[in-house]
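Here's the structure, in structure tokens; my notes come after.
Residue numbers run from 1 in the order of the sequence given. A quick note: this is a predicted structure, and the numbers were derived from the prediction, not measured.
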Amino acid sequence: MKKLLLAMLAISVITFSSCSDDDDPIPTPDEKFDPTDLKGEIKDGEEYKMDASKTYKLTGALVVQSGGKLTIPAGTRIEATSPTANDADVRYIAVAQGGKIFINGTATAPVVMTADKKEAEAWGGLVVCGNAPTNKADAGSAGAEVSGLSYGGNEVNDNSGVIEYLRLEYTGYKYTNEKEFNGLSLFGVGAGTIVDYVVSYKGGDDGIEFFGGSVNASHLVSVYSGDDGIDFADGWSGTGEHWIALNSAKSGIEGSNNGDNGAATPMTDATLKNITIYGMGEKPFFLKEGAGKQNINNIVIGGLAAEKAQAFFYTSGDDTDAAARINAGDIVITNANFVDMKSGQTKAVDGLTVTENVEAIGAGNGINKPDWMPDALNTIDGSTTVFGDPVVAEVAFEGDITTDITLDANNKYKLTGAVVVKDGASLTIPAGTVIIATDVTAEDTDVRYIAVAQGGQIFVNGTAENPVVMTAETEEAESWGGLVLCGKAPTNKADAGSAGAEVSGLSYGGDVSDDNSGSISYLRLEYTGYKYTNEKEFNGLSLFGVGSGTTIEYVVSYKGGDDGIEFFGGTVNASYIVSYESGDDGIDFADGWSGTGEYWMALKSAKSGIEGSNNGDNGAATPMTNATLKKLTVYGMGEKPFFLKEGAGKQNIDDIVIGGLADNKAQAYFYTSSSDTDAAARITASDIVITNAKFIDMGTGNTVKAVDGLTVTENENATGAGNGKNKPSWLSDALNTSYNGTTIVQ
């Protein structure tokens with residue numbers, strides 16, 4: 001926003017080609033102005049309506065004086081010609097106090113004001129001056145920064161007309177480095193004026209600027225402005241809704257009070273709703289020159305260059321008046337979604353509280369074209385678009401979730417710490433969503449994981465074609481913590497009901513067998529297994545006391561540092577599960593898990609393919625593990641393919657393909673420790689039943705199929721998870737391909 005005032009420009013009035021009829025207040029097109037040489041004045045009592053069938057050539061200043069009226073119908077095109085050595089008149093359109101303009105564009109036929117020279121600063125843009133209040137010292141006679149027209153007064157509801165569906169292109173004509181036109185300049189414009197659906201494209205200065213006034217404005221877009229995208233100052237007291245500022249050279253939005261006196265009154269009092277700011281120069285939202293009062297709700301903000309360290313909501317350190325507004329709680333920012341933040345960048349200056357919400361969609365579609373933006377308004381010269389191809393935003397994701405929220409699959413979420421879904425809240429993750437855990441660093445040691453507390457719910461709504469992906473920046477095992485669910489179903493841990501989960505520390509267990517923690521469908525977890533100590537590590541998917549009301553299906557754990565999937569008690573059933581290259585066991589169940597597992601694959605685990613336990617402290621603890629397993633493939637593990645451990649519990653296993661043990665591993669394929677008397681008791685009691693087993697690729701020296709006493713019924717026709725050791729038909733290609741493009745199961 002500039003401070004110097006321009007003296008009144010001399011306005012050259014064209015010679016009329018014919019005089020209008022005094023009895024007809026609305027001259028027909030071309031009676032007053034030559035469309036090929038458009039400039040001059042529309043005076044008091046005159047009304048002029050353009051003709052949408054013609055292209056108007058703006059060759060100087062066109063000013064609607066007090067009492068005059070200009071109507072521009074849908075589809076009208078006005079092109080500013082380039083000044084020459086012999087014709088130095090500045091090209092712009094202005095509405096003086098008391099004048100009115102009616103820009104009647106439509107969604108399919110907007111009005112276009114452009115230039116024959118397709119470059120920023122080619123012409124002056126549109127200036128409207130009204131009689132509404134401003135806090136400039138000379139309000140009522142203030143000379144507009146450009147055009148020199150007076151503006152300001154005490155008519156809050158002053159009406160300067162209607163501006164709807166207008167696209168302004170290549171504006172920002174520069175007198176000096178301190179004095180430039182904007183795309184749309186609103187000087188003291190009143191609330192009786194309508195401003196809706198306005199685009200500024202490649203303006204040399206600000207795209208749209210409010211100099212005081214009380215006008216409301218909605219559906220504003222500023223793209224590639226040479227200074228700020230949208231700027232308000234001088235006591236503007238209006239409401240802005242659905243604003244978008246993209247790729248501004250300086251600030252996306254600059255909100256000021258007064259450049260001469262930051263505490264001037266009437267103070268700027270701006271209400272902003274549904275805002276998107278992205279890709280600006282250095283100060284995304286600049287609270288400047290006293291800032292005034294601002295209430296900002298639902299804003300997506302981001303895209304600052306990596307080397308820019310300014311706060312996203314910024315004010316100068318020496319702006320004491322802006323600091324006073326912050327301290328007084330006069331600047332309120334709620335439902336802010338920060339996207340594409342780089343290391344070292346700050347969300348807000350000290351003292352300014354910002355309430356975040358990763359669900360916030362800003363102007364309607366995050367940083368991409370919103371549904372309310374019609375194609376005709378979005379298209380320049382029939383080819384170039386204001387909004388280019390869709391951009392995937394990176395959204396910082398961490399903290400407690402205390403209400404129901406839904407992520408946006410159009411974003412890429414950067415997990416920068418722990419996310420915990422609290423009791424009574426839910427997290428919904430739609431198909432195709434990608435969550436990437438950032439690296440733990442010396443400066444940022446927060447463990448990255450997603451957890452659902454007892455009473456919380458998660459809904460992972462992936463599909464075969466578009467699974468949900470949870471992965472890591474560093475494509476190595478142990479990069480992050482994985483997904484943890486804690487329910488209220490029974491477990492045989494001694495402190496059931498208050499047990500602290502091995503990771504996350506959340507309570508789990510209880511007596512609600514059909515407890516419902518949500519649903520997980522088509523989820524791929526990659527590079528999990530973050531390690532606190534050698535004894536304490538995350539798994540890919542950890543299910544603590546999860547109840548049978550929860551759905552678990554089509555889950556892949558890829559290259560986890562500990563177990564791929566583990567059940568700690570509970571009653572949840574799980575089907576179509578794959579664990580590939582786990583650093584410990586592929587799939588593990590213990591602590592009284594009593595559920596059914598169908599179509600499980602555990603491939604290339606470092607230790608056991610499947611480990612089935614009862615209780616590590618008391619192998620005979622009750623309620624006892626009671627697992628029903630059908631259609632299993634266990635292949636290529638370290639040393640104990642199917643480990644019946646720590647009492648084992650009751651297990652009924654049917655249709656299993658098992659093999660691929662390295663040569664000369666002497667362990668049994670179905671193995672239990674000789675010192676595990678409780679597991680032996682289960683075998684003796686025939687509580688462990690194995691039928692339709694097929695042993696393949698047993699390897700040299702591996703002749704023992706099962707420990708003594710354990711009966712295994714074999715069947716050469718068993719197919720295990722569906723296709724032996726190979727990819728089954730139920731494993732979709734999208735779920736079977738890692739985020740970096742590697743095929744998981746061959």
Side-chain angles (χ1 to χ4, degrees), residues 300-302 304 306 309 311-313 335-348 350 353-360 393-408 411-423 425-429 433-453 456-458 460 468-486 500-507 523 525-533 536-542 544 560-562 739:
V300 171
I301 185 168
L304 192 61
F312 276 69
F313 289 94
N335 294 305
N337 189 352
F338 294 89
V339 302
D340 295 347
M341 288 190 68
K342 311 300 189 300
S343 177
Q345 292 177 350
T346 304
K347 293 176 179 177
D350 289 344
T353 300
V354 177
T355 303
E356 296 185 51
N357 181 359
V358 295
E359 282 188 293
E394 293 182 350
V395 179
F397 189 36
E398 65 176 304
D400 292 344
I401 295 174
T402 57
T403 60
D404 297 341
I405 74 165
T406 300
L407 302 187
D408 183 351
N411 296 330
K412 184 184 295 180
Y413 292 88
K414 288 298 188 79
L415 188 66
T416 53
V419 170
V420 180
V421 184
K422 294 291 191 176
D423 185 7
S426 70
L427 169 63
T428 299
I429 308 177
T433 302
V434 176
I435 300 172
I436 302 176
T438 60
D439 293 335
V440 174
T441 65
E443 295 77 26
D444 179 11
T445 58
D446 291 342
V447 181
R448 283 78 163 126
Y449 64 90
I450 299 173
V452 181
Q457 289 187 310
I458 189 169
V460 178
V468 170
V469 177
M470 298 180 182
T471 187
E473 284 183 335
T474 298
E475 295 175 352
E476 297 176 2
E478 304 182 2
S479 291
W480 70 292
L483 176 59
V484 179
L485 271 64
C486 295
E502 178 183 319
V503 288
S504 80
L506 295 169
S507 297
L523 168 66
L525 295 146
E526 303 177 353
Y527 314 115
T528 60
Y530 184 84
K531 184 182 293 187
Y532 288 102
T533 68
K536 190 172 177 184
E537 299 178 70
F538 282 90
N539 305 298
L541 174 61
S542 300
F544 289 89
D562 194 35
Y739 191 60

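Judged by distance alone, with hydrogens and angles left aside, the side-chain atoms of Trp480 form no donor-acceptor pair with the main-chain N or O of Val440 at under 3.5 Å. A donor-acceptor distance shorter than 3.5 angstrom exists from the side chain of Glu473 to the backbone of Asp439, with no hydrogens or angles considered. Within the 3.5 Å criterion, the main-chain N or O of Glu394 finds a donor-acceptor partner in the side chain of Asp340. When atom types are taken as modelled, the side chain of Asn411 and the backbone of Tyr413 share no donor-acceptor pair closer than 3.5 angstrom.
Counting all heavy atoms, side chain and backbone alike, Gly560 lies closest to Ala477 at C-CB, 4.0 Å. Closest non-hydrogen pair, Cys486 versus Leu506, comes out as SG-CB, 3.8 Å. Summarising the geometry of Thr416 relative to Asp446, their closest heavy-atom pair is O-CB, 4.3 Å, with the distance given to 0.1 Å. The two residues Val354 and Ala336 come nearest to each other via the heavy atoms CG1-CB, 3.5 Å.
Using a 4.5 Å heavy-atom threshold, the side chains of Tyr739 and Ile436 count as touching. Residues Val419 and Ile435 fail the side-chain proximity criterion, which asks for heavy atoms closer than 4.5 Å. Residues Asp408 and Val395 fail the side-chain proximity criterion, which asks for heavy atoms closer than 4.5 Å. Within the 4.5 Å cutoff, the side chain of Ile450 has heavy atoms near those of the Leu415 side chain.
The side chain to side chain donor-acceptor pair (under 3.5 Å) search around Asp404 returns Ser426, not counting sequence neighbours. Every residue two or more places apart in sequence or in another chain that forms a side chain to side chain donor-acceptor pair (under 3.5 Å) with Lys347 is listed here: Glu356.
Note that the CG atom of Leu304 and the CZ atom of Phe312 stand 5.0 Å from one another [nearest 0.5 Å]. Note that CD1 of Ile401 and CD of Gln457 are 13.0 Å apart. Values are rounded to the nearest 0.5 Å. Taken from CZ in Arg448 to OG1 in Thr438, the straight-line distance is 3.5 Å, to the nearest 0.5 Å. Between the CG atom in Leu485 and the CZ atom in Phe544 there is a gap of 10.0 Å [rounded to 0.5 Å]. Thr528 contributes atom OG1, which lies 9.5 Å from atom CD of Glu478 (distance to the nearest 0.5 angstrom). The distance from atom CZ of Phe338 to atom CD of Gln345, rounded to the nearest 0.5 Å, is 11.0 Å.
The aromatic rings of Phe538 and Tyr449 sit tilted relative to each other, their planes meeting at an angle between 30° and 60°.
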